[in-house]
2 protein chains.
Amino acid sequence: MSDLLERLRGRGWRMTAQRRVVAEVLDGEHVHLTADEVHARAVGRLPEISRATVYNTLGELVTLGEVLEVSTDRRAKRYDPNAHQPHHHLVCARCGAIRDVHPTGNPLTSLPDSERFGFTVEGVEVTYKGICPNCATA
Amino acid sequence: MSDLLERLRGRGWRMTAQRRVVAEVLDGEHVHLTADEVHARAVGRLPEISRATVYNTLGELVTLGEVLEVSTDRRAKRYDPNAHQPHHHLVCARCGAIRDVHPTGNPLTSLPDSERFGFTVEGVEVTYKGICPNCATA
DNA sequence: CTAATTGCAAAAGATTTGCACGAAC
DNA sequence: GTTCGTGCAAATCTTTTGCAATTAG
């Protein structure tokens, strides 16, 4: 059963077949699908679901804070349902594969005032870059 | 005079009016323009320069390692000419403004083996998120 | 002179939008 | 019944590509 779905129900999210399918497709760890991949998988379970609905739904999940948008070097954004466990990303520079990694014991110091340029700092995102074992072999 | 341009000359980069203008437009600190913004500014100095050439040139500068691609939450990528001084970014969640920030005294521990999933880790990118003074006022 | 670069225009890829119809509550 | 969500198709925005004309070295 989908954790994400549970949480959404709990928040009184209006439920439809399409939204359920999107939430189900997204659920899990190390899941970082593009909108198009979400649509492709959703179609497997609900053939008539449209891309527009997938985009709408993803946008809403991001607004609700239940899904994170991951911007990569590539064109399409990826969506990460693992929003409630703080984590960072390890990205393969060659193929774009992404893994979740969890903050090391090292609490990242917050930015010193002298480096804030008057900004209010709300968070930090850490992305490690490297080559995945698959690409290293090939 | 443009630092970037100097470096490119030194590397024997084939020079054209278009390339010079792109390098000039990019030079500086806290510069994070989109391809379209680069084009707009380049046109100011060389009216007939085409978007395709701007894209070509930016792509090449990235390949040469002289310019960094910054992926944001927004659609268009941004280009950062400050590639030779290691730094991170502070991004306004509201308007997208970006400032360069320099690593705090805190050396970010490298990822432990148990969190590498077999990847070779080559670098890390840190992005602070917040609200810029401008947006905070509005 | 020769190989590399440019501009154009068209194509491709990703995402958004307007609107009539249909479904959730 | 009312409000909100959906599908479609067209629009928009960003980036890439093919190719003939041009230019740097």
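Residue numbers begin at 1 in each chain, while the letters A, B, ... track the order of the sequences. No hydrogens, no waters, no symmetry mates; every other heavy atom, side chains included, goes into these values.
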Without swapping roles, check the side chain of B:Arg78 against the backbone of B:Thr72 for a donor-acceptor pair under 3.5 Å.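 Flag not set: sc B:Arg78 to bb B:Thr72 has no pair under 3.5 Å.
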
With A:His30, the side-chain contact (heavy atoms from CB on, under 4.5 Å) member among A:His89, A:His87, A:Arg99: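 Of A:His89, A:His87, A:Arg99, side-chain contact (heavy atoms from CB on, under 4.5 Å) with A:His30 is met by A:Arg99 alone.
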
Starting at atom [atom1] of [X], determine the distance to atom [atom2] of [N], rounded to an integer number of angstrom.
X       : N      : atom1 : atom2 : result
A:Asp73 : D:dT14 : CG    : C1'   : 16 Å
A:Glu37 : C:dT15 : CD    : C1'   : 15 Å
B:Glu60 : D:dA24 : CD    : C1'   : 14 Å
A:Arg78 : C:dT15 : CZ    : P     : 10 Å

C:dT6, C:dG7, D:dT6: which one has an atom nearest the side-chain heavy atoms of B:Arg19?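 Within the option list, the nearest is C:dT6.
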
Side-chain N or O of B:Thr53 versus OP1/OP2 of C:dG7: is the shortest distance under 4.0 Å?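 It does, given that an N or O in the side chain of B:Thr53 lies less than 4.0 Å from OP1 or OP2 of C:dG7.
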
Protein heavy-atom contacts under 4.0 Å, written 5' to 3' over nucleotides 16-25 of chain C as B (base), S (sugar-phosphate only) or - (none), form the string BB------BS

B:Thr34 or A:Gln18: which one's nearest nucleotide on DNA chain D is closer to the 5' end?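 Counting from the 5' end, the first nearest nucleotide belongs to A:Gln18.
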
Residue pair A:Glu66 / A:Trp13, side-chain donor-acceptor N/O under 3.5 Å: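 The criterion, which ignores hydrogens and geometry beyond distance, is not satisfied for A:Trp13 and A:Glu66.
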
Test: A:Lys129 and A:Asp73 ion pair at under 4.0 Å: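 Looking at A:Lys129 and A:Asp73, the cut-off is met.
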
